[in-house]
Amino acid sequence: MSLRNLVHCALMLMVTLAGLAAIYLQLSAQFVAFAQGLIYVGAVAILIVFAILLTRGSEPPRESRFSATWVVGVVIAGAVFGLLAAVILSSRAVTSMIRPPPEVTVRQIGDQLMGKFVLPLEVIGLLLTAALIGAVIIAMHEEGKE
């Protein structure tokens, strides 16, 4: 959030999404981790970077990186963190017995995606393609006006 360059912010979003995929791997959710990597890091984040690069105009640099009331923000963030930590640690989910993981394989998920859910999968692909084409068209119209 403190980076000034919008492209660097998008790249840090990619790093964050890759870290989330690594957390999924630690939780033994391999399919979700690879889907996170392929879809969000490999497609959505790259689409965001292309859209930023194609549609961004000349932006004037900002004067200050931080707000004048950053101390209040830090105090509120600390209070929210303490409240969430207290609620999580007092939850019954933390103290309950761990259940065995369900017996779902990656092959079963793949069969469902290529069988029952093939239409939503194709619609998402078309939506991402249309978004990229729209970004290119917007960028072409802005170059023509200059």
Side-chain angles (χ1 to χ4, degrees), residues 1-88 91 93-94 98-146:
M1 294 300 295
S2 65
L3 295 175
R4 291 184 184 192
N5 192 340
L6 190 58
V7 176
H8 292 162
C9 291
L11 293 174
M12 289 301 114
L13 174 68
M14 291 174 63
V15 170
T16 303
L17 293 173
L20 185 60
I23 290 173
Y24 286 141
L25 280 175
Q26 290 292 323
L27 294 173
S28 298
Q30 290 86 8
F31 179 77
V32 179
F34 291 126
Q36 174 82 19
L38 289 174
I39 294 170
Y40 287 104
V41 177
V44 174
I46 297 295
L47 184 66
I48 290 171
V49 170
F50 283 153
I52 289 170
L53 291 175
L54 289 173
T55 61
R56 190 177 72 182
S58 61
E59 299 174 1
R62 294 185 182 176
E63 294 288 325
S64 175
R65 181 181 284 190
F66 297 106
S67 173
T69 59
W70 66 273
V71 175
V72 176
V74 169
V75 169
I76 291 173
V80 169
F81 177 77
L83 178 68
L84 287 175
V87 168
I88 289 171
S91 173
V94 174
I98 299 174
R99 296 181 184 153
E103 303 254 346
V104 178
T105 64
V106 175
R107 182 176 186 87
Q108 291 170 338
I109 295 172
D111 288 340
Q112 288 291 320
L113 276 177
M114 290 298 137
K116 184 178 179 182
F117 297 107
V118 71
L119 183 62
L121 190 67
E122 294 294 329
V123 169
I124 290 172
L126 287 174
L127 180 68
L128 290 173
T129 304
L132 183 62
I133 291 171
V136 170
I137 289 173
I138 289 171
M140 286 175 32
H141 285 297
E142 287 183 4
E143 286 179 6
K145 290 180 182 178
E146 293 178 4

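Computed from heavy atoms alone, side chains included, the values below leave out hydrogens, waters and symmetry copies. Counting from 1, the numbers follow the sequence of the chain as shown.
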Would you say that more than 12 heavy atoms from the other residues, nucleotides or ligands in this model lie under 6.0 Å from the CZ of Phe31, or not?
yes

Just verifying a value: how many Å separate Leu121 CG and Leu126 CG, rounded to the nearest 0.5 Å?
10.0 Å

Measure across Gln108 and Glu103 and return the closest heavy-atom pair with its distance rounded to 0.1 Å.
OE1-O, 3.7 Å

Please give me the minimum heavy-atom distance between Ala10 and Val49, naming the atom from each residue.
CB-CG2, 3.8 Å

Value for CD1 (Ile124) from CG (Leu119), rounded to nearest 0.5 Å, stands at 10.0 Å

With Tyr40 as partner, the option from Thr16, Leu17, Leu13, Leu20 fulfilling side-chain contact (heavy atoms from CB on, under 4.5 Å) is Leu17

Quick one: does Thr129's side chain have a donor or acceptor within less than 3.5 Å of a partner on Gly125's backbone?
yes

Which residues share a side chain to side chain contact (heavy atoms under 4.5 Å, CB included) with Val74, sequence neighbours left out:
Trp70

Looking only at non-hydrogen atoms, find the nearest pair between Gly42 and Ile46 and report the distance.
O-CG1, 3.5 Å

Does the side chain to side chain contact (heavy atoms under 4.5 Å, CB included) test come out yes or no for Ile133 and Ile137, once each step is laid out?
CA-CA 6 Å; Ile133 291 171; Ile137 289 173; 3.9 Å; yes

Residues Ala21 and Gly37: closest non-hydrogen pair is CB-N, 4.4 Å

